[in-house]
Number of protein chains: 2
Amino acid sequence: MRKRHVVLDDIDRRILAALQADGRTTIQALAERVGLTTSPCLRRVRLLEEAGVIRGYVAVVDQAAVDLPVSVFISIKLERQREEELDRFAATVSRWPEVMECYLMTGQRDYLMRVVCADLPAYERFLKEKLTRLDGVASIESSFALEQVKHTHVLPLR
Amino acid sequence: MRKRHVVLDDIDRRILAALQADGRTTIQALAERVGLTTSPCLRRVRLLEEAGVIRGYVAVVDQAAVDLPVSVFISIKLERQREEELDRFAATVSRWPEVMECYLMTGQRDYLMRVVCADLPAYERFLKEKLTRLDGVASIESSFALEQVKHTHVLPLR
DNA sequence: CATGAAACATACCTCTA
DNA sequence: TAGAGGTATGTTTCATG
């Protein structure tokens, strides 16, 4: 899982595009699609995996179908922005399973995160039992997503 | 791909958890892990797929490794909020590959989206050539992610 | 290209709510 | 007795060296 910077050529990008669309394509089908035979195709896939370009293969589960229809975006400002405080905050929220994404933002140097939950009471529980119990949080601002217009994992290669 | 509401039991949830961690587990390993034999395990997986609970299987590609290190969150307010305008906006941005996520938000009824790009110039191109060319956009506000603290696809089942 | 492993399709039995 | 799991078997397809 090296993170050394890998130079990708056109075939690599086509492999990645195909695997982003279907993570279960067989090497044979993949090879055919990108214009290789199976051996070099498999070799490339393994290299991409080892280099960390492919981080893994996952099943995409429908949020609503597992009764987690609510996405909340939360903006959080910390009282102090010392490195140590930021790291501690980041480590803590990373451990919470409700947090799907969390970013350190420019500007006010605050965090933006997306939290999923079953309903409003569940969200309130998350707030009361977790977020508001953290030290050093200056402000919390929540906005609710009414509708998921788009949600993809497919990166625009090139 | 029915969206009829499916009732999931404990075994289903464990199957989903396992497949969210590794979308390529063999049915055998999966069956062993959830305490079934392969036949009923495979049956359940197929049902979950057909019911749309499992939307698909994908390779997770590292954003930075494919030279798309920048995530930008964009808040967009529309001039009018008629159904028709909202739909047209949603349909258009859904087609742009740079847009990874887009949500219709409560409150001001505006949109929040995450766009990925290679660098600032690329983002400016996206703004100039796409976003600002749309009709009916009242305001655009961008915030940049400095750092991805967490990004997961694993939903907190139960 | 050959080989072993896994997926897949089936058919049939068992148990129980 | 319908529904879910288990057993068994044969075929096909794939990964891999």
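The chains referred to below are lettered A, B, ... by the order of the sequence lines, with proteins before strands, and numbering in each begins at 1.
- No engagement by R43(A) is indicated, since no non-hydrogen atom pair under 4.0 Å with the nucleic acid exists.
- Atoms CD (Q28(A)) and C1' (dT16(D)) sit 11 Å apart, rounded to a whole Å.
- What separates CZ of R14(B) from P of dG5(D) is a distance of 12 Å, to the nearest Å.
- Counted within 6.0 Å of CD on E32(A), heavy atoms from surrounding residues, nucleotides or ligands total 12 or fewer; the atom is thus considered open.
- Rounding to whole angstrom units, CD1 of residue I27(B) and P of dA9(C) are separated by 11 Å.
- Closest contact between the side chain of T26(B) and the listed nucleotides dA15(D), dA4(D), dA6(C) involves dA6(C).
- In summary, the aromatic rings of F73(B) and F144(B) are positioned with their centroids too far apart to meet the 6.0 Å limit.
- Between I11(B) atom CD1 and dG6(D) atom P the separation is 8 Å, expressed in whole Å.
- A salt bridge does not link E49(A) to R55(A): none of the charged nitrogens lies less than 4.0 Å from a carboxylate oxygen.
- Straight-line distance from the CG atom of L30(B) to the P atom of dC8(C): 12 Å, rounded to whole Å.
- Rounded to an integer number of Å, the gap from L36(B) CG to dT7(D) C1' is 14 Å.
- Between R33(A) and D22(A) there is no salt bridge, since no side-chain nitrogen of the basic residue lies less than 4.0 Å from a carboxylate oxygen of the acidic one.
- Contact of S39(B) with dT7(D) (side chain to base): a donor-acceptor pair of N or O atoms is detected under 3.5 Å.
- Contact check, R46(A) against dA15(D): no side-chain N or O comes under 4.0 Å of OP1 or OP2.
- Among the heavy atoms of the strands, none lies under 4.0 Å from R24(B).
- The CG atom of L42(B) sits 15 Å away from the C1' atom of dT7(D) (whole-angstrom rounding).
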